[in-house]
Trainee: 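Take a look at the following structure, please.
Note on naming: letters A, B, ... go to the chains in the order of the sequence lines (proteins, then strands), and numbering restarts at 1 for each one.
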Protein chains: 2
Amino acid sequence: MQITRKTDYGLRAISELATHPDEAIAIAQISEKHGIPDSFLEKIMQELRQAGLIEATHGRGGGYRLSHPAGKISLIDVVHALEGPVALVVCLDPSLKCKIEDGCTTSNTWAIINEKFEASLAELTLEDILAEEVRI
Amino acid sequence: MQITRKTDYGLRAISELATHPDEAIAIAQISEKHGIPDSFLEKIMQELRQAGLIEATHGRGGGYRLSHPAGKISLIDVVHALEGPVALVVCLDPSLKCKIEDGCTTSNTWAIINEKFEASLAELTLEDILAEEVRI
DNA sequence: TAAATGACGAGTAAATTGGTCTGAATTTAG
DNA sequence: CTAAATTCAGACCAATTTACTCGTCATTTA
């Protein structure tokens with residue numbers, strides 16, 4: 001797993017939604033404002049919607065809005081939606097089985113790093129990001 | 001940046017060296033023990049050497065050993081050597097310039113995540129890993 | 001001098017990334 | 001009812017990256 005442009009774009013887009021609660025925002029608006037390719041953003045929004053983070057309304061005047069208050073959506077939700085389960089290292093990917101059974105000390109180490117990473121993602125909500133309360 | 005198989009292999013290999021201080025370990029030994037492809041491991045060891053983490057002796061009976069005590073080599077040294085600078089998100093890559101100048105709130109957020117990630121890598125040394133003192 | 005090692009550089013197949021394109025389906029305005 | 005604006009869905013694709021391999025050379029020791 002890695003944080004790709006897709007997630008980068010996705011976070012920008014969903015943050016944009018967070019700044020306009022109760023208003024449907026169309027893809028065109030977001031892509032123009034943030035310089036994200038139109039059709040790529042379309043895909044991203046679809047994935048965010050399928051993950052239940054945002055909801056869409058069709059037709060003229062339609063667009064997307066958050067499914068939950070900004071304080072309830074954390075960075076890890078976005079990452080999970082767009083990147084899948086966080087596995088910094090291949091051997092942590094739940095869909096694979098590590099072949100090395102005998103006390104693999106390094107995988108233990110990576111697991112710790114992985115958990116810390118997930119925790120730091122879980123800590124930050126969209127609300128935090130917008131409020132720029134974010135400090136180190 | 002992402003933690004690839006290369007770094008995974010690299011950490012296993014250098015940990016192996018750490019368990020045998022003052023002894024030259026050949027690639028063949030490591031690759032066999034850990035199931036790492038021979039010629040790939042060769043490349044990895046070269047990069048670790050070029051980064052100054054390990055040193056090599058040629059010829060019969062030769063091999064690799066740590067350049068520094070295990071307690072002085074941290075996970076981030078290994079990651080830096082094999083993956084380059086840690087930039088979880090493209091826009092944090094020092095070799096690129098972010099095109100969005102005007103207060104990009106999300107890049108600020110990613111920077112925080114990135115720093116925390118680096119810190120958790122810097123915290124763990126090879127000694128810790130081997131001692132399995134590693135806890136959450 | 002032969003064998004055992006590492007050093008170096010080029011090359012490559014497969015997977016992933018970062019998209020595009022086409023054609024729907026749905027909603028609203030007129 | 002029709003046209004425009006929007007999302008939905010899937011196939012497709014070029015460029016890049018990953019995870020290697022191969023061949024040749026250099027160095028050290030027996």
Trainee: For the pair made of CD in A:Glu47 and P in D:dA9, what is the distance, rounded to whole Å?
Mentor: 12 Å
Trainee: Do nucleotides 10-15 of chain D as a string where each nucleotide becomes B, S or -: B if the base has a protein heavy atom under 4.0 Å, S if just the sugar-phosphate does, - if no protein is that close.
Mentor: B-----
Trainee: Which nucleotide sits closest to the side chain of A:Phe40: C:dG18, D:dT7, D:dA19?
Mentor: C:dG18
Trainee: So if I define the base as every atom that isn't primed, P, OP1 or OP2, how would nucleotides 25-30 of chain D read as a B/S/- string at a heavy-atom cutoff under 4.0 Å?
Mentor: --BBSS
Trainee: Respond yes when some side-chain nitrogen or oxygen of A:Ser39 is under 4.0 Å from OP1 or OP2 of C:dC21, and no when none is.
Mentor: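 Checking C:dC21 against A:Ser39, no side-chain N or O comes under 4.0 Å of OP1 or OP2.
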Trainee: Take A:Lys6 and A:Glu47 through the test salt bridge (charged side-chain N to carboxylate O under 4.0 Å, His left out) and record every step on the way to the result.
Mentor: CA-CA 10 Å; A:Lys6 182 163 76 164; A:Glu47 289 184 51; 3.2 Å; yes
Trainee: B:Met45 has an atom CE; how far is it from atom C1' of C:dT5, in whole Å?
Mentor: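 Nearest whole value for this atom pair: 13 Å.
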Trainee: With a 4.5 Å limit on heavy-atom distance, are the side chains of A:Ser67 and A:Leu53 in contact?
Mentor: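 A side-chain contact is absent here, since even the closest heavy-atom pair is not under 4.5 Å.
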Trainee: How many Å lie between CD1 on B:Ile27 and P on C:dA7, as a whole number?
Mentor: 7 Å
Trainee: Within this structure, what is the CG-to-C1' distance between B:Leu17 and C:dG6, rounded to whole angstrom?
Mentor: 14 Å
Trainee: Side chains of B:Ser74 and B:Glu123: any donor to acceptor distance under 3.5 Å?
Mentor: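 Side-chain D/A pair, B:Glu123 to B:Ser74: absent.
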Trainee: Looking at side-chain heavy atoms only, is the closest gap between A:Ile54 and A:Arg65 below 4.5 Å?
Mentor: no
Trainee: Heavy atoms, side chains only, cut-off 4.5 Å: are A:Pro21 and A:Leu66 in contact?
Mentor: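 Side-chain contact under 4.5 Å: no.
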Trainee: Decide salt bridge (charged side-chain N to carboxylate O under 4.0 Å, His left out) for B:Glu16 and B:Lys33; before the verdict, give the C-alpha distance in whole Å, the side-chain angles of both, and the deciding distance to 0.1 Å.
Mentor: CA-CA 9 Å; B:Glu16 183 66 24; B:Lys33 179 164 178 185; 3.1 Å; yes
Trainee: Please give, in whole Å, the distance from D:dT18 P to B:Leu41 CG?
Mentor: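 Going from CG in B:Leu41 over to P in D:dT18 covers 18 Å.
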Trainee: Looking at D:dT18, I'd like to know if its phosphate oxygens (OP1 or OP2) sit under 4.0 Å from a side-chain N or O belonging to B:Tyr9.
Mentor: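 For D:dT18, neither OP1 nor OP2 has a side-chain N or O of B:Tyr9 closer than 4.0 Å.
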Trainee: Is any side-chain heavy atom of B:Ile44 less than 4.5 Å from a side-chain heavy atom of B:Leu48?
Mentor: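 Touching, per the 4.5 Å side-chain cut-off.
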Trainee: What's the closest nucleotide to the side chain of B:Ala56 if the choices are C:dT5, D:dA9, C:dA7?
Mentor: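 Between C:dT5, D:dA9, C:dA7, the one nearest the side chain of B:Ala56 would be C:dA7.
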Trainee: Nearest whole angstrom, please: distance from the P of D:dA5 to the CD1 of A:Ile25.
Mentor: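 Atom CD1 in A:Ile25 sits about 18 Å away from atom P in D:dA5.
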Trainee: Can you give me the N/O atom pairs linking the protein to nucleotides 13-17 of chain C at distances under 3.5 Å, or say none if there are none?
Mentor:
residue : atom : partner : partner atom : Å
C:dT17  : OP1  : A:Gln2  : OE1          : 3.4
C:dT17  : OP1  : A:Gln2  : NE2          : 2.6

Trainee: Find the distance B:Glu55:CD to C:dT5:P and express it as a whole number of Å.
Mentor: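 For the pair B:Glu55 CD and C:dT5 P, the rounded distance is 18 Å.
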Trainee: Considering only heavy atoms from C-beta outward, does the side chain of B:Leu17 approach that of B:Leu126 to under 4.5 Å?
Mentor: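 Side chain of B:Leu17 against side chain of B:Leu126, heavy atoms only: no contact under 4.5 Å found.
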Trainee: Are the side chains of A:Tyr64 and A:Ile30 in contact, using a 4.5 Å heavy-atom criterion?
Mentor: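 With C-beta onward as the side chain, the pair stays apart.
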Trainee: Can you find a heavy atom in the side chain of B:Ile113 that is under 4.5 Å from one in the side chain of A:Leu124?
Mentor: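 Yes - at least one pair of side-chain heavy atoms lies under 4.5 Å apart.
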Trainee: Heavy-atom distance under 4.5 Å between the side chains of B:Phe117 and A:Leu121, does that happen here?
Mentor: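 No. Closest side-chain heavy atoms not under 4.5 Å.
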Trainee: What is the distance, rounded to the nearest whole Å, between atom CG of A:Asp38 and atom P of C:dC21?
Mentor: 11 Å
Trainee: Kindly say if A:Gln29 contacts the phosphate of D:dT6, meaning a side-chain N or O under 4.0 Å from OP1 or OP2.
Mentor: no
Trainee: Determine whether more than 12 heavy atoms belonging to other residues, nucleotides or ligands lie under 6.0 Å from atom CD of A:Glu32.
Mentor: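 No, CD of A:Glu32 has 12 or fewer neighbouring heavy atoms, counting only those of other groups under 6.0 Å.
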Trainee: Under 4.0 Å between a side-chain N/O of B:Arg49 and OP1 or OP2 of C:dA7, yes or no?
Mentor: yes
